[in-house]
Every structure is written in structure tokens, then in C-alpha cells.
Amino acid sequence: MVEQLLINEDDFYVPDANLLVTEDDTPVDNFASAKQQRLLVGSLYSSLQNQTFLAEANVGVYYTDLQPPIVPDVFLSLDVQIPEKWWEKHNRCYMVWRFGKPPEVVMEIVSNKEGDELGKKLEIYEQMRASYYIVYDPNQQLGEQALRIYELRGRRYFETSKTWLEQVGLGLTLWSGAFEGRQDNWLRWCYQDGTILFTGDERAEQERQRAEQAEQRAQLLAERLRAMGIDPDTV
């Protein structure tokens, strides 16, 4: 198990979590965004089972106690885990000073022009020093680009055309297909060769198809043996 990165409270100022708002129970999402978030988070947990990471949707990230938390639609933080006592106030959301680092990837899914994803939010994630900031704009509310990727270089974000996120060992791709019974275009994680990370249902379906193909091959072999006068049950 990877040791959790936590700041020593004896050496650093640590804000009192009881004075911070860790959740406000405000419903803000739409059906499309909610499904997209589940797809991005769920496929990580079903495909990267041997890696230590924390991925969530709509969980607040505190990068300073001087400002309210920002709530990415999705974030990914490597080499950290949800604390065991997750109901304790200081463990309910992602406090950078407790995890010892910001998330490597933060994502915003654009639903309208009011979120200021290319303005204030970009500045906040840049200040937070998240390695990558992803803006997915499926309805092209902010321009012609459906996908914008910003990479932190030094102290500033620079937009890049590269969809492979070198620092996290994952890529992003736009994929057309069905998820949870809905046919649409989706943002998906992928490996370097372009293969998408499967959800649990997709992995189960793949295994079912493999088993079915193996059974068909066995039946075909048995038929050939019988045609040769050989009882396959005695071979």
C-alpha cells in the first residue's frame, strides 16, 4: 500500500476543518453531465485496480482556507487514497494540505456559458498547480473545440494538442458508443495505443464474449472429431 501523503501538523499551519464548508448538498448537474462523470470515474476504478489513486466527481477541493473550495466535475489524484475515517470533517473533501499535493487532473464539463471554465476556473486550477486541466465542451458552448487540454509548465497553463497525459500515464479520446443504454459521444480515458479503459459492464461483456467464442471453438472441434469417427469425450 502506498503511504498516504499527509502534512505534519506540528510543522505547518493546518486550517481547522470545522470552520470549512465541506459540502452544501446543492444539486447542480444535468443527466448528460452526471453520466459522463460516472463514465470517467467508474472506468478508472474498474481498469486500474492495481494502482493507488483517488478519483471523484463533484467533490470539493480546498487549495487554501482563504477561499471557498472549487468543485471539479471530475478529478484524479495519484498515489493517495480516501482516508479510512471518511465521515470525519477534515476527511470529507479533498484538502490539499492534508493529502500533501493537488490532484494531477481536474476536469470541467461545459453545460452553459456561465461556468467561466476558460477564465476564473482556469486561474484557480493554475494557482492550485494541478498538472492538467481538461475542459470538455460537448455542445461547443465556448467555441469550435469540444476538448481543450491545458498542461502546467512552470507556473502557467499552456494549451496543448496532445491527448496523452504523460505525467499520469493516461490519455483522453472522444468515443462514440453506448454507455448505460445511452448512445452518444463520450469523453473516455485511454491507453497510449488508443484503447479505451473499460467500465465494469464492458469488461464483463468482453469476458462473456470470450467465453462464448471459446465454447463455439470447442463445439466446432468436437464436430470435426466426430466426423473423423473419434468420440471427443474420450480424447
Side-chain angles (χ1 to χ4, degrees), residues 1-2 29-59 72-82 103-107 109 131-132 134-139 145-149 151 160-235:
M1 178 182 295
V2 175
D29 270 324
N30 55 68
F31 293 125
S33 293
K35 278 187 180 292
Q36 177 65 81
Q37 292 163 9
R38 286 199 298 275
L39 175 57
L40 287 165
V41 173
S43 59
L44 286 170
Y45 281 105
S46 64
S47 297
L48 305 181
Q49 298 180 8
N50 296 323
Q51 295 187 34
T52 301
F53 65 90
L54 173 57
E56 273 304 339
N58 281 328
V59 171
D73 285 324
V74 174
F75 74 76
L76 167 63
S77 187
L78 303 178
D79 301 324
V80 299
Q81 294 175 313
I82 297 177
E104 276 76 15
V105 181
V106 289
M107 294 187 181
I109 301 167
S131 300
Y132 298 97
I134 313 300
V135 179
Y136 180 44
D137 186 10
N139 291 317
Q145 290 177 251
L147 180 63
R148 291 177 172 87
I149 299 176
E151 182 179 15
T160 177
S161 60
K162 296 180 180 179
T163 57
W164 176 250
L165 311 183
E166 185 69 35
Q167 296 186 53
V168 298
L170 289 170
L172 291 165
T173 187
L174 298 177
W175 175 85
S176 180
F179 171 63
E180 293 184 349
R182 178 75 183 197
Q183 183 76 27
D184 211 326
N185 297 318
W186 306 95
L187 180 63
R188 302 287 302 257
W189 298 103
C190 65
Y191 298 105
Q192 197 160 15
D193 64 358
T195 304
I196 59 172
L197 273 65
F198 286 150
T199 64
D201 287 345
E202 288 171 335
R203 190 170 298 281
E205 176 61 19
Q206 184 186 52
E207 292 301 320
R208 186 195 67 77
Q209 290 179 2
R210 287 177 178 172
E212 186 177 89
Q213 291 169 0
E215 183 178 356
Q216 290 174 350
R217 288 194 296 269
Q219 291 177 350
L220 181 60
L221 176 59
E223 291 174 0
R224 289 177 177 175
L225 289 173
R226 291 189 183 96
M228 298 168 59
I230 301 173
D231 184 354
D233 297 328
T234 62
V235 176

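These numbers come from the heavy atoms of this one structure, side chains and all, not from hydrogens, waters or symmetry mates.
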* Are Leu76 and Leu54 close enough that some pair of their side-chain heavy atoms sits under 4.5 Å apart? -> no
* Asked: With sequence neighbours excluded, what pairs up with Asn50 under the side-chain contact (heavy atoms from CB on, under 4.5 Å) test?
  -> none
* Structure fact -> Value for OG1 (Thr160) from CD1 (Ile149), rounded to nearest 0.5 Å, stands at 7.0 Å
* **Heavy-atom check, side chain of Leu172 versus side chain of Trp189, under 4.5 Å** => yes
* Asked: Residues in salt bridge (charged side-chain N to carboxylate O under 4.0 Å, His left out) with Glu151, at least two apart?
  -> Arg153
* So do Pro103 and Tyr132 actually touch side chain to side chain, heavy atoms under 4.5 Å? -> no
* Structure fact -> ring pair (Phe, Tyr, Trp, His ring centres under 6.0 Å) filter on Phe75, not counting sequence neighbours, yields Tyr94
* Please test Leu147 against Val135 for side chain to side chain contact (heavy atoms under 4.5 Å, CB included), starting from the C-alpha separation and ending with a verdict. => CA-CA 6 Å; Leu147 180 63; Val135 179; over 6 Å; no
* To do: Keeping to residues at least two apart or across chains, list the salt bridge (Lys or Arg N to Asp or Glu O under 4.0 Å) pairs with something in residues 182-191.
  => Arg188-Glu202
* Asked: Would you say Arg203 has more than 12 foreign heavy atoms packed within less than 6.0 Å of its CZ?
  -> yes
* Can you name the side-chain hydrogen bond (donor to acceptor under 3.5 Å, both in side chains) partners of Asn139, sequence neighbours left out? -> none
* Could you list the residues that satisfy ring pair (Phe, Tyr, Trp, His ring centres under 6.0 Å) with Tyr45, not counting sequence neighbours? => Phe53
* To do: Using salt bridge (charged side-chain N to carboxylate O under 4.0 Å, His left out) as the criterion, list what pairs up with Arg148, not counting sequence neighbours.
  => none
* Asked: Which residues satisfy the ring pair (Phe, Tyr, Trp, His ring centres under 6.0 Å) test with Phe179, sequence neighbours excluded?
  -> Trp186
* Structure fact -> Exactly one candidate in Leu48, Val105, Val168, Thr52 meets side chain to side chain contact (heavy atoms under 4.5 Å, CB included) with Leu78; the answer is Val168
* Tyr136 side chain near Gln36 side chain, heavy-atom distance below 4.5 Å -> yes
* **Pairs where residues 33-57 contributes a residue and the test salt bridge (Lys or Arg N to Asp or Glu O under 4.0 Å) is met, not counting sequence neighbours** => Lys35-Glu180, Arg38-Glu180
* Which residues pass the side-chain contact (heavy atoms from CB on, under 4.5 Å) test with Ser131, sequence neighbours left out? -> Glu104, Gln167
* Can you find a pair of side-chain heavy atoms, one from Leu170 and one from Leu197, that are under 4.5 Å apart? -> yes
* Asked: Which residues pass the side-chain contact (heavy atoms from CB on, under 4.5 Å) test with Gln183, sequence neighbours left out?
  -> Ser176, Ala178
* Asked: Do Val74 and Val41 come within less than 4.5 Å of each other through their side chains, counting heavy atoms only?
  -> yes
* With sequence neighbours excluded, tell me which residues meet salt bridge (charged side-chain N to carboxylate O under 4.0 Å, His left out) with Arg210. => Glu207
